[in-house]
Amino acid sequence: MNDSIKEASTARTSGSWRAFEEFQFLVGDTSPRRPAKNRLVTNSTTEEQQTPESSTAELRHPKGLDEQIEMLFKSAEDEIFEDGVESEFSRQLACLVREAGNAAVEVMAYLVVYEKVNAETAAEALRWLGRITHSPSYRYRQWLLERSLRSSSSRVRDAAALGLVSLDDPHAIRYLRIAIEHEKCSELRNDLRQALEQLKSTTT
Amino acid sequence: MQDQNKGRESQMPEQSLAAPDLTGWQAETLRLTAFTSPAIDLGQQNWWAELVGETPETTVSRAKGGERHEEGRFESGKLVLRIQPARVDWMLVPLVDPEKELESIPTMGTFSDSLKSFMPLMSRWLQSAPRSQRLAFGAILMQPVQDRAMGYRQINAYLPFRLDSETSSDFFYQINRPRDSTSGIPGLRINRLGRWSVAYFQGVRMTISPAARGVAPVEEHHACRLELDINTAADFQAEFSGEQLAAIFRELVDLGKEIAEKGDIP
């Protein structure tokens, strides 16, 4: 792509660039003239400011993050995981969450919720998600663990409960109760009840 | 010293202009975001068609329909729906014809008029929306001005401090002024996040052909820019029903209008 076009298409300002993502640069077009487009102009040479904690704007993922996390999940499919033992996969995942925060959790949410990765790897990710110490991504990790109680995979549901126990937040009590009501596997239902009792004891 | 200052003041151009009412702001984007409950499985939804009464012009589906992007014409703009694992976004954005020259910054008309289209639509959706943990109203507003200095003078009308319009550039001011909700929901706080700047837009014409390639500046525009993100606090523990969501949405919009009219106030 022509460098000028590349520059125009990546120009940023400290505000939002979103509205101008509508303008599609047609590479290879043989028209002699294309209509004028608008671009935001800035003197800055740095990346956009960090997203404030209270913001609800869509997350912008650092370049390559999606592919990096997908590859991490794929390569972990051959790894053997042991309960309670940190794996290379969980170590790298924790690193990514600490670096990229909610953006990393968002990618994980897509892979886990839409079952794009195998259940064993998803379960390992969820087991450790509750143990990561990273305050800015706490709420999103909590959401993903609570959401995963509804997974079609019993392994994932079980891992989500373990992750919620690690998080030790009574916020999950309501979702564990719903999960217990719907759980058809008696062994897992007992595990969920244990998780629920543990979180209830946190409130007392 | 005092006399010198007096002399200096009389030579300085006026530093701020009066703030126009809401009609002074043009709407570039309006947004409603619902952060859905983890207990809800959104599955396949037909919200766009049900709301507008027509099939969307574009539908992009990932993950067997789980993640979805739909868009189509709605009144004077384009209505976009994005469904992701943890959130649902509705956006109203300008309708831009890529074949036509842009004469100004694309907007949907005044902020007030755009809300007349957006609010009833969203209120209808919220009545039957999935249970949600958090709600947000976002807007990007523009007030076209002649140049940067004029923009700084105009933006001074909204700020609790004075910006030097003649010798400053690259101004950007972001602040959150949380308040307690007036919805009657105990313990609910509302974030009132605003980002103020004077944006500079440059039109470019691109030539792409086997014989020649180039980018030529065409015209430039300046505008006071206000980005609003009015949302319920992330640490609120309970979930909202559809009826509560509709009432909260009205409150969020009112708070956004207040900032657009009165500026950055506690």
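Lettering follows sequence order; numbering is per chain, from 1.
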Quiz item: Between A:Pro52 and B:Gln174, what is the shortest heavy-atom contact and its length?
Solution: CG-NE2, 3.5 Å
Quiz prompt | For B:Arg134 against A:Ser54, the heavy-atom pair lying closest together | solution = NH2-O, 3.4 Å
Exercise. Sort A:Glu106 into side chain, backbone, both or neither according to what part of it lies under 4.5 angstrom from a heavy atom of chain B.
Key: side chain
Self-check item: Atom group of A:Tyr138 that falls short of 4.5 Å from chain B, counting heavy atoms
Solution: neither
Self-check item: Candidate pair B:Gln133 and A:Glu146, rule side-chain contact (heavy atoms from CB on, under 4.5 Å), full reasoning
Solution: CA-CA 12 Å; B:Gln133 295 180 319; A:Glu146 290 165 350; 4.2 Å; yes
Quiz item: Given the rule in the side-chain contact (heavy atoms from CB on, under 4.5 Å) test, do B:Leu193 and A:Ser55 qualify, once you have shown the distances and angles that lead to the verdict?
Solution: CA-CA 7 Å; B:Leu193 181 63; A:Ser55 170; 3.9 Å; yes
Is the shortest heavy-atom distance from the side chain of [X] to the side chain of [Y] under 4.5 Å?
| X | Y | result |
| --- | --- | --- |
| A:Glu58 | B:Thr33 | no |
| A:Tyr110 | B:Gln84 | no |
| B:Pro38 | A:Gln142 | no |

Quiz item: Are B:Arg31 and A:Thr56 close enough, and set up right, to give a side chain to side chain donor-acceptor pair (under 3.5 Å), and what steps lead you there?
Solution: CA-CA 10 Å; B:Arg31 169 173 65 91; A:Thr56 62; 3.0 Å; yes
Quiz item: To the nearest 0.5 Å, what is the distance between CG (B:Asp41) and OG (A:Ser152)?
Solution: 10.0 Å
Quiz prompt | Options B:Gly138, B:Ala86, B:Ala234, ranked by heavy-atom pairs under 4.5 Å with chain A, top entry | solution = B:Ala86
Please flag which part of [X] lies under 4.5 Å from any non-hydrogen atom of chain A: side chain, backbone, both or neither.
| X | value |
| --- | --- |
| B:Glu239 | both |
| B:Asn176 | side chain |
| B:Asp89 | side chain |
| B:Ile230 | neither |

Please indicate whether [X] has more than 12 foreign heavy atoms, meaning atoms of other residues, nucleotides or ligands, lying under 6.0 Å from its [atom1].
| X | atom1 | value |
| --- | --- | --- |
| A:Glu187 | CD | no |
| A:Glu53 | CD | no |
| A:Arg98 | CZ | yes |

Quiz item: Hey, are B:Ser37 and A:Arg147 close enough side-chain-wise for a donor-acceptor pair under 3.5 Å?
Solution: no
Quiz item: Backbone N or O of B:Thr36 within a donor-acceptor pair of the A:Trp143 side chain at under 3.5 Å?
Solution: yes
